[in-house]
Amino acid sequence: MTSPPELTVVIAAFNEEAALPLLHPRLRAVLDGLDLATCVLYVDDGSRDRTWDVLGELAASDPRVARLRLSRNFGKEAALTAGLDRVHAGAALILDADGQDPPELITEFVARWREGWDDVHGTRLERAGEGWFKRASAHAFYRVIGRLSRTPIPRDTGDFRLLSRRALDGLAQLHERQRFMKGLFAWVGYRQLSVPYHRAPRLAGRSQFGFWQLWNFALEGITGFSTVPLRVAMYLGLLTAMLAFAFGLFTIAKTLLWGDPVRGYPTLATLIVFLGGVQLIALGVIGEYLGRLYLEVKQRPLYLVDDWQPAAGASGDRT
Ligand code: UDP
Ligand code: MG
């Protein structure tokens, strides 16, 4: 295989020493069955276990394997960006390292891509091995973002997808620091196709995404793809002001009609607390956006590379 790869499988791995040796043979079998020049690019996202060495062993036994190591743990979104940045030719396919995305589906993705689709993504039919809470919160998240964002983000769709060359080139033009990948993929557009699949439980290890990470992820998605919350804050302020005005009129009328025996302390206290609360909420919403603006303006790189071992079998890519 001396030609540049026509398809590169990009896999972000963080502490996946147990899952990788189980996943790679399956992936290899699938890629062998394709009539394409392929490459597998593993991104070690600053793992603290033996992931990098395990990848070295895989590379020694399979010339198709390239491995990239980041200087620390930057998170899955940055790791995927690092991987995709190294796909200079051909299409790319994104796969989870834990086997939750079945590599066997790649054959179908490739067939669809050859039919002319630019973004072939797997949509989960169900979520085996995930608790009711994660399922319910994921459901709520897709509903909320579906209503707030002008970019339609497909439901129950993760990063498992095949991107054509032009979709990758489009993605490369989105330089934002806060990378909500699902949203970025959707923003790129072109011809998108959902392929339903059954999402398997992890092969080994545990998920890195707990409640707090998922909450932050949801905030990232909503603030990155919608300014509706800012507008809601404005309407909330408007509504409160109108209510306060009506209440003022009511108080004046009441005083004129029945005089003013000094009372109304509870009303006053309630109003002050209520208004304070509304203002803090609005400030918080502004703060969310301002914080992101701040991070964006600093223009830091998305990740730093510690080590890069290109595939023995791929050529011309020694950046
Ligand atoms: N991952 C990563 N960096 C991180 C966390 C996760 O590269 O900081 C990788 C992880 O190795 C896996 C994928 O992202 O290949 C999905 O992670 P996980 O299975 O923990 O997420 P879930 O499937 O629960 O959404
Ligand atoms: Mg997983």
Side-chain angles (χ1 to χ4, degrees), residues 8 10-15 41-48 68-88 92 94-97 119 121 138 141-142 144-146 148-154 157-161 163 166-190 207-231 233 283-308 319:
T8 304
V10 176
I11 304 177
F14 176 56
N15 295 341
L41 200 168
Y42 286 102
V43 183
D44 177 356
D45 186 17
S47 298
R48 287 181 275 272
L68 179 72
R69 181 183 162 94
L70 304 185
S71 65
R72 64 173 174 83
N73 179 242
F74 281 93
K76 185 184 179 188
E77 320 272 311
L80 283 181
T81 307
L84 293 176
D85 281 352
R86 304 245 154 188
V87 182
H88 301 304
I94 301 169
L95 194 71
D96 270 6
D119 178 339
H121 48 256
F141 169 72
Y142 285 112
V144 170
I145 197 145
L148 294 188
S149 162
R150 296 174 115 232
T151 316
I153 293 174
T157 298
D159 298 321
F160 182 29
R161 64 184 70 221
L163 296 167
R166 63 174 182 167
L168 284 172
D169 290 339
L171 196 65
Q173 291 177 49
L174 304 180
H175 299 293
E176 55 228 79
R177 260 86 293 253
Q178 272 92 51
R179 299 190 77 78
F180 178 67
M181 296 299 270
K182 293 174 208 267
L184 300 184
F185 295 137
W187 188 92
V188 167
Y190 295 129
S207 169
Q208 317 293 338
F209 293 91
F211 168 74
W212 198 239
Q213 280 91 333
L214 287 174
W215 168 251
N216 285 330
F217 186 65
L219 274 190
E220 200 72 73
I222 291 165
T223 52
F225 278 82
S226 163
T227 49
V228 171
L230 287 173
R231 213 165 302 151
L283 272 181
V285 174
I286 298 173
E288 278 295 320
Y289 285 92
L290 193 68
R292 270 150 237 271
L293 202 64
Y294 174 60
L295 291 175
E296 205 63 51
V297 157
K298 282 197 279 195
Q299 290 288 305
R300 281 188 185 156
L302 286 170
Y303 56 86
L304 289 181
V305 172
D306 176 35
D307 199 350
W308 166 234
T319 37

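Since the model is a prediction, treat every value here as computed from it, not as a measurement.
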With side chain to side chain contact (heavy atoms under 4.5 Å, CB included) as the criterion, how do Leu184 and Glu77 come out once you've worked through the C-alpha distance, each side chain's angles and the decisive distance to 0.1 Å? CA-CA 11 Å; Leu184 300 184; Glu77 320 272 311; over 6 Å; no
Taking it one step at a time, do Val188 and Leu174 satisfy side chain to side chain contact (heavy atoms under 4.5 Å, CB included)? CA-CA 9 Å; Val188 167; Leu174 304 180; 4.2 Å; yes
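Considering all non-hydrogen atoms of both residues, Leu70 and Ala82 come closest at CD2-CB, 3.9 Å. Shown here for Leu80 and Ala12, the closest heavy-atom pair between the two residues is CD2-CB, 4.1 Å. Annotation for Leu302 and Ala78: closest pair O-CB, 3.7 Å, computed over non-hydrogen atoms. Of all heavy-atom pairs spanning Ile222 and Tyr289, the tightest one is O-OH, 4.2 Å. Considering all non-hydrogen atoms of both residues, Ala13 and Ser47 come closest at O-OG, 3.4 Å.
Separation of atoms CZ (Phe185) and CG (Leu168) is listed at 9.0 Å; rounding is to 0.5 Å. Rounded to the nearest 0.5 Å, atoms CG (Leu163) and CG (Asp169) are 11.0 Å apart. Here the CZ-CG distance, from Phe160 to Asp96, works out to 9.0 Å after rounding to the nearest 0.5 Å. With rounding to the nearest 0.5 Å, the separation of CD in Glu176 from OG1 in Thr81 is 10.0 Å. One distance of note links NZ of Lys182 with CZ of Arg161; it measures 8.5 Å at 0.5 Å rounding. Interatomic distance, CG of Leu41 versus CD1 of Ile94, reported as 11.5 Å (0.5 Å rounding).
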Show me, pair by pair, the donor-acceptor contacts under 3.5 angstrom made by side chains of residues 292-299, not counting sequence neighbours?
{"residue": "Arg292", "atom": "NE", "partner": "Thr223", "partner atom": "OG1", "Å": "3.2"}
{"residue": "Arg292", "atom": "NE", "partner": "Glu288", "partner atom": "O", "Å": "3.2"}
{"residue": "Arg292", "atom": "NH1", "partner": "Glu220", "partner atom": "OE2", "Å": "2.6"}
{"residue": "Arg292", "atom": "NH1", "partner": "Thr223", "partner atom": "OG1", "Å": "3.3"}
{"residue": "Arg292", "atom": "NH2", "partner": "Glu288", "partner atom": "OE1", "Å": "2.5"}
{"residue": "Glu296", "atom": "OE1", "partner": "Arg177", "partner atom": "N", "Å": "3.4"}
{"residue": "Glu296", "atom": "OE2", "partner": "Arg177", "partner atom": "N", "Å": "2.8"}
{"residue": "Gln299", "atom": "NE2", "partner": "Glu296", "partner atom": "O", "Å": "3.1"}

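Of the possible polar contacts, one joining the Asn15 side chain to the Arg48 backbone as a donor-acceptor pair under 3.5 Å is found.
Using cut-offs of 30° and 60° on the angle between ring planes, the pair Phe141 and Phe217 is tilted.
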